[in-house]
Amino acid sequence: MNVKKTEVIIIGGGLTGLTLAYLLQQKNISFKVLEARERLGGRVFTKLYERSEPLEMGATWLGRKHQNLTKLLDSLGVGMFEQALGESAIYEAISTSPPQLVTLAPNTDPSFRIKGGSYSIVDALQKRLDSEQIHTGQIVQSIQQKSDRFEVKTNQETFYSNFVVSTLPPFLLVNSVDIQPTLPDSVLKVANQTHTWMGESIKIGLTYKKPFWREKNVSGTIMSNVGPIPEMYDHSNYEDSFYALKGFLNGAYFSMTKEERIQMILKQLNKYYGEVANHYLTYEEAVWRNEPFTFLPYSEHILPHQNNGHPAYRQAYLDGKFFIAGAETAADFPGYMDGAVQSAFFVFEQIS
């Protein structure tokens, strides 16, 4: 096995890991990012088409209150634009009543999307980092604290460092990586009861030649208590040259086949739009429960956002040199992109 040494090992090449690497590089602190997938971004996952039109299968929205993320976007020169909701929405309250077109109140706190897709921030960070310090296809198997350093073994190599920062979802970390010496029981208990952001989500998107949902008496904003799609939105690009509907599918349908999910989706969309909904150009989905480098089944019932932002994640362990970071760990807005960025800022302050 090859042996590589550095000051900081960052486990996970998602938004937290890449932001932390960017901050460390600016301070000339050496690092290595170990990413299990062959792609970077983690739960920031944008499908790109021929002209780089974006269709989000992961993290999508931010708000004005998300100051850590907007600060990072500004520093990288990455823009954002307001999510289009329109003046009305299709609302389906119960299965025994037809869907209604309801008027939306003026939106005083709009959501925004990142120009070019959420992956634009990952791409901007990656371009500013030393590519030789980023290692994909590296599944971390063990972390061992030795007398003067950490030994991190992956499926391919062995790395050594003075600090280790895990950006994996805490539940995934403590149930997939052998850590020696073991973390305190109190931390393990919290981690085993921490909800994994997006873990049960199914993101879906359909692209179309024309945005038919903008015609009179329909809408691209869907809210349904009946499902299987509880929410859907106009997901056209910033330039308004690429047209799509994107939303969530009820997570209970993760075990179905892709073809079965498509048929369910089209059946629901046909209620609102008619046969035109069947003439999609592409269909994309991301079943996050089936992503082994994001999600593992819980051993007990976990509530959404349970233990996200827990104080245990703002402490360093193993002589103050091991950090548990990531979206779930942030003090503010945990389980959002802003929380992922805030977590990177927090750990950077502790290390630097």
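Sequential numbering from 1 along the given sequence is applied to the chain's residues.
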Would you say [X]'s side chain and [Y]'s backbone share a donor-acceptor pair under 3.5 angstrom?
X: S118; Y: V44; result: no
X: H66; Y: G63; result: yes
X: D123; Y: Y119; result: no
X: Q268; Y: I229; result: yes
X: H235; Y: E56; result: yes
X: Q25; Y: R128; result: yes
X: Q145; Y: L318; result: yes
X: K203; Y: G58; result: yes
X: N237; Y: F242; result: yes

pair [X]-[Y]: side-chain heavy atoms closer than 4.5 Å:
X: T19; Y: F345; value: yes
X: D332; Y: Q67; value: no
X: M198; Y: F295; value: no
X: L129; Y: F31; value: yes
X: M223; Y: E231; value: yes
X: L23; Y: I29; value: no
X: I302; Y: N307; value: no
X: D234; Y: W213; value: yes

Go through the steps for T194 and N308 under the test side-chain contact (heavy atoms from CB on, under 4.5 Å), then give the verdict.
CA-CA 6 Å; T194 296; N308 283 191; 3.6 Å; yes
Of the non-hydrogen atoms in [X] and [Y], which two are nearest, and what is the gap between them?
X: W197; Y: A327; answer: CE3-CB, 3.5 Å
X: A325; Y: V347; answer: CB-CG2, 3.9 Å
X: S343; Y: T16; answer: OG-CG2, 4.0 Å
X: T196; Y: T294; answer: CG2-O, 3.5 Å
X: S88; Y: L104; answer: O-CD1, 3.6 Å
X: L172; Y: P292; answer: CD1-O, 3.7 Å

Do S111 and Q83 have a side chain donor and acceptor closer than 3.5 Å?
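Result is no, nothing qualifies.
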Side chains of S30 and T6: donor-acceptor distance under 3.5 Å anywhere?
yes
Show, in sequence, the C-alpha distance, side-chain angles and deciding distance for V187 and Q315, and conclude whether the side-chain contact (heavy atoms from CB on, under 4.5 Å) test is met.
CA-CA 10 Å; V187 180; Q315 299 181 39; over 6 Å; no
R214/Y243 under side-chain contact (heavy atoms from CB on, under 4.5 Å): CA gap, chis, key distance, verdict
CA-CA 11 Å; R214 297 180 188 171; Y243 308 109; 4.2 Å; yes
Give the intermediate values and the outcome of salt bridge (Lys or Arg N to Asp or Glu O under 4.0 Å) for residues K246 and E53.
CA-CA 13 Å; K246 172 264 176 78; E53 296 96 340; over 6 Å; no
More than 12 foreign heavy atoms under 6.0 Å from [atom1] of [X]: is that the case here?
X: D185; atom1: CG; result: no
X: K267; atom1: NZ; result: no
X: K65; atom1: NZ; result: no
X: F171; atom1: CZ; result: yes
X: Y238; atom1: OH; result: no

Measuring from atom [atom1] of [X] to atom [atom2] of [Y], what distance do you get when rounded to the nearest 0.5 angstrom?
X: I10; Y: L34; atom1: CD1; atom2: CG; result: 9.0 Å
X: E151; Y: F159; atom1: CD; atom2: CZ; result: 11.5 Å
X: R149; Y: K321; atom1: CZ; atom2: NZ; result: 12.0 Å
X: M57; Y: E284; atom1: CE; atom2: CD; result: 6.5 Å

From Y233, F112, F333, F81, residue fulfilling ring pair (Phe, Tyr, Trp, His ring centres under 6.0 Å) relative to W61
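The residue from Y233, F112, F333, F81 that satisfies ring pair (Phe, Tyr, Trp, His ring centres under 6.0 Å) with W61 turns out to be Y233.
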L101, I222, N225 screened by side chain to side chain contact (heavy atoms under 4.5 Å, CB included) with Y91, the one that passes:
N225
Grouping I, L, V, M, F, W and Y whenever their side-chain heavy atoms are under 4.5 Å apart, do Y336 and Y313 come out in a common cluster?
no
Is it true that L269 and L55 fall in one hydrophobic cluster, defined by side-chain heavy atoms closer than 4.5 Å?
no
Just checking, R39 and F45: is the charged tip under 6.0 Å from the six-membered ring centre and within 45° of the axis?
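Yes; both conditions hold, so R39 lies above the ring face of F45.
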Face-on cation placement of R37 at F293 ring, 6.0 Å and 45° thresholds:
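Pair R37/F293 does not count as cation-pi.
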Step-by-step side-chain contact (heavy atoms from CB on, under 4.5 Å) determination, I204 to R261:
CA-CA 10 Å; I204 59 170; R261 284 190 287 266; over 6 Å; no
Is R43 paired with E328 through a side-chain N to carboxylate O contact shorter than 4.0 Å?
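The answer is yes: the pair qualifies as a salt bridge.
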Would you call K271 and E92 a salt bridge, taking side-chain N to carboxylate O under 4.0 Å as the test?
yes
